[in-house]
Enquirer: 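Quick one: this structure, given as structure tokens, is what I'll be asking you about.
Keep in mind that what you see is a predicted model, and the values were worked out from it rather than measured. To find a chain, count down the sequence lines: A is the first, B the second, and so on, and within it residues start at 1.
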Amino acid sequence: MTYISFSFVIFFFILAIIYFILPEKIRWTALLVFSYAFYYLACNKLPIYMLVTTVLTFVFTTLMQKVFDNSKAYLKEHSGELSKDEKKALKKKAKSKSKAIMIIAVVLNLLILCVFKYTDFLVGNAGSLLTKLGFGIQPRTFNLILPLGISFYTFQSLGYIIDVFRQKYRSETNFFKVALFVSYFPQIIEGPIGRFDHLAPQLFKGNKFSFSRTKENLFLILVGFAKKVVIADNLAPMITAVVGDYSNYQGFQIILTCMLYGIQLYADFSGCMDIAMGFSNILGIQLSYNFKRPYFSTSVAEFWRRWHISLCSWFRDYLFYPISFSSACKKISKKLKDKNRITLSMNMPKYIAMIVVWSLTGLWHAACWTEVLWGLINGVVMISSEQFKDTYDKINHKLHIKESSFVWKLFRILRTYVFMTFLNFMCEFDKLSDFIKCTVIALKNPLPTSFSPSYLFPEIVINGISCVIVVFIACILLLIHSIYDENHNESLIKKITAKSWIMQVIVLFLLFYTCALFGGAASDMTGGFMYAQF
Amino acid sequence: MSVREEIIEILNVIKKNVDYDKETALVDNGILESLEIVSLVNELSDTFDVEITVNDLVPENFNSVDGMVEMIERLED
């Protein structure tokens, strides 16, 4: 069962009835039961590993809280007898004790993730290395099946553990509430990676039913469905075919496929987010925003502030900042300062942190070197734009480029789209060598030799020329929707739901009709969501 | 030089062409992004000999020069 199924609609309908019938105080229990049921129904497996992560998270955060509470109680009891230095020493002792607990909790949780996600990658690389060193060892592959949502719920749990260590809030004392936080079903497939202080009050409060909220989110869900089944699923066969058999396609076809891949990836991922947010909002629980119209970004750095926001902010708060402020980075910075390299001394801590963070962001997506390279390229591009900011400004000034002009902004937006899509396209290939060969074919023969639909849109046109037209119209509508949201403070959906009943019914009907008529056949081919594999 | 003046001097090295005297939403308006925050925190820690931790990285502390002055005075205590 995925979000795109009739069984899920029935599942959610039953949950919503039970949720709003139950007394407010215990409504969260329905969410917990249904979250575990959803997990089982989505992958036909019991959520054993998620339960282990939950137990580890609960036990270790409780222990950390106990250390802090005991230390505070002792300090309070003996406040008159202790000197300032003794108090400081006691606080430091409690901090290092809880740090040890936090490290164990993080390592154990990461270990579960690593075993499932990186065993074959590590064993394979170790085997290759040993072979190169002259040991004739054939590495064994384990082909472990990745538990559903493991990358998302593990990171969500780690965030909670680190926040308790940082004493951002107290640990939750009810195990089942922690279990709900880890397993909440709308975010288990593709995130967003939630934060406890944002999610917990909404999850446990017991929300009231709201008709206008339900109506508004019904639109959001249908927009998400349309993005997924009309755009992403209809583009998928063309992209799969070209990537899998690129030597049989011409350069222009490859270039067009690559550019359409950017639309497919966005429609798939943001469509899933719209659906997840819509269902969750009906229950009165607002998830974190994961997208803010990323393809309007004028730079790679801005793109990553708008794309997969919850993952990027997770890496920023739990890895980028700690590395940047680490004593090792400070020492390097100081050495550079002593050598009078002032600008570099200021920038070096963040450059080191960026390289680490982006390599790991690549690995988070998948266990392969192409992903690491993808992450490193992202990091290097951002570092170079930061390091050479003044040089770029000088060049723009010399060329009389007016930075605030529409044309320049449009150029930067298109440049960022082409770069990010090309980079993301690389990860679609199993081997980097295939991606390079494919790029060479594309660059050798970049001009179109025909303008027939079967040449421009191979595989899509099999479903009929009407399918190509519908996808095209859907993309235009998505662009209009995005431009409207970018330029207004309220969403276009809000504007539509404020219109007359007839208008609302027409839009709902059109959305539903288009999804049903033009999405069904293709969605069977692609199955679930692209980011669910992470 | 006062704490306020020193902070403005650091800010001007990190990002030019901003009216730091008047601006009250440096983080909320995206003038200071995470990359600038890192440089700023490291410089403030060095200059005023205070330990700014990840917990202090909340918009209220960095939205204005006044917020930064308050944070530094609090950390110095």
Enquirer: Could you tell me which non-hydrogen atom of Asp317(A) sits nearest to which non-hydrogen atom of Val54(B), and how far apart they are?
Expert: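 So the minimum-distance heavy-atom pair works out to O-CG1, 3.9 Å.
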
Enquirer: With a 4.5 Å heavy-atom cut-off, do Asp46(B) and Lys337(A) have their side chains touching?
Expert: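 Heavy-atom side-chain distance check passes, below 4.5 Å.
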
Enquirer: For Leu40(B), which atoms come within 4.5 Å of any heavy atom of chain A: side chain, backbone, both, or neither?
Expert: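 When you check distances to chain A, no heavy atom of Leu40(B) falls under 4.5 Å.
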
Enquirer: If you count every heavy atom of other residues, nucleotides or ligands that lies below 6.0 Å from Tyr289(A) atom OH, does the total exceed 12?
Expert: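 Open: at most 12 neighbouring heavy atoms sit under 6.0 Å from OH of Tyr289(A).
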
Enquirer: Around atom CG of Asn487(A), are there more than 12 heavy atoms from other residues, nucleotides or ligands closer than 6.0 Å?
Expert: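 Check passes, neighbour count above 12.
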
Enquirer: Can you establish whether the number of heavy atoms outside Lys168(A) located under 6.0 Å from its atom NZ is more than 12?
Expert: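 Yes - once you tally the heavy atoms of other residues, nucleotides and ligands closer than 6.0 Å, there are more than 12.
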
Enquirer: Mind ranking Leu57(B), Leu35(B), Asn42(B) by heavy-atom pairs under 4.5 Å with chain A and telling me who comes out on top?
Expert: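 That would be Leu35(B).
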
Enquirer: Which atoms of Ser324(A) come close to chain B, meaning under 4.5 Å heavy atom to heavy atom: side chain ones, backbone ones, both, or neither?
Expert: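 Contact with chain B involves both backbone and side-chain atoms of Ser324(A).
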
Enquirer: Would you say Val38(B) and Phe325(A) make side-chain contact, with heavy atoms under 4.5 Å?
Expert: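 In contact.
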
Enquirer: Check the surroundings of atom CZ in Arg415(A): do more than 12 heavy atoms from other residues, nucleotides or ligands lie under 6.0 Å from it?
Expert: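 Yes, the 6.0 Å shell around CZ holds more than 12 heavy atoms from other groups.
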
Enquirer: For the atom pair CE (Met346(A)) and CD (Glu36(B)), what is the distance rounded to the nearest 0.5 Å?
Expert: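 With rounding to 0.5 Å, CE (Met346(A)) is 11.0 Å from CD (Glu36(B)).
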
Enquirer: Select, from Tyr318(A), Phe320(A), Tyr321(A), the one with the greatest count of heavy-atom pairs under 4.5 Å involving chain B.
Expert: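 The option with the most such pairs is Tyr321(A).
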
Enquirer: With a 4.5 angstrom heavy-atom cut-off, is it the side chain or the backbone of Asp390(A) that approaches chain B, or both, or neither?
Expert: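 Contact with chain B involves the side chain of Asp390(A) alone.
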
Enquirer: State whether the number of non-hydrogen atoms from other residues, nucleotides or ligands found under 6.0 Å of Glu86(A) atom CD is greater than 12.
Expert: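 Buried by this count: over 12 neighbours within 6.0 Å.
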
Enquirer: Would you mind checking which part of Met354(A) comes under 4.5 Å of any heavy atom in chain B, side chain (CB onward), backbone (N, CA, C, O), both or neither?
Expert: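 Contact with chain B involves the side chain of Met354(A) alone.
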
Enquirer: Are more than 12 heavy atoms from other residues, nucleotides or ligands located less than 6.0 Å from atom CD of Glu51(B)?
Expert: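 No.
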
Enquirer: With only heavy atoms counted, which part of Asp163(A) is less than 4.5 Å from chain B, the side chain, the backbone, both or neither?
Expert: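 Neither part.
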
Enquirer: Highest number of heavy-atom pairs under 4.5 Å with chain B: which of Arg305(A), Arg316(A), Glu386(A), Lys334(A)?
Expert: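 Highest number of pairs under 4.5 Å: Arg305(A).
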
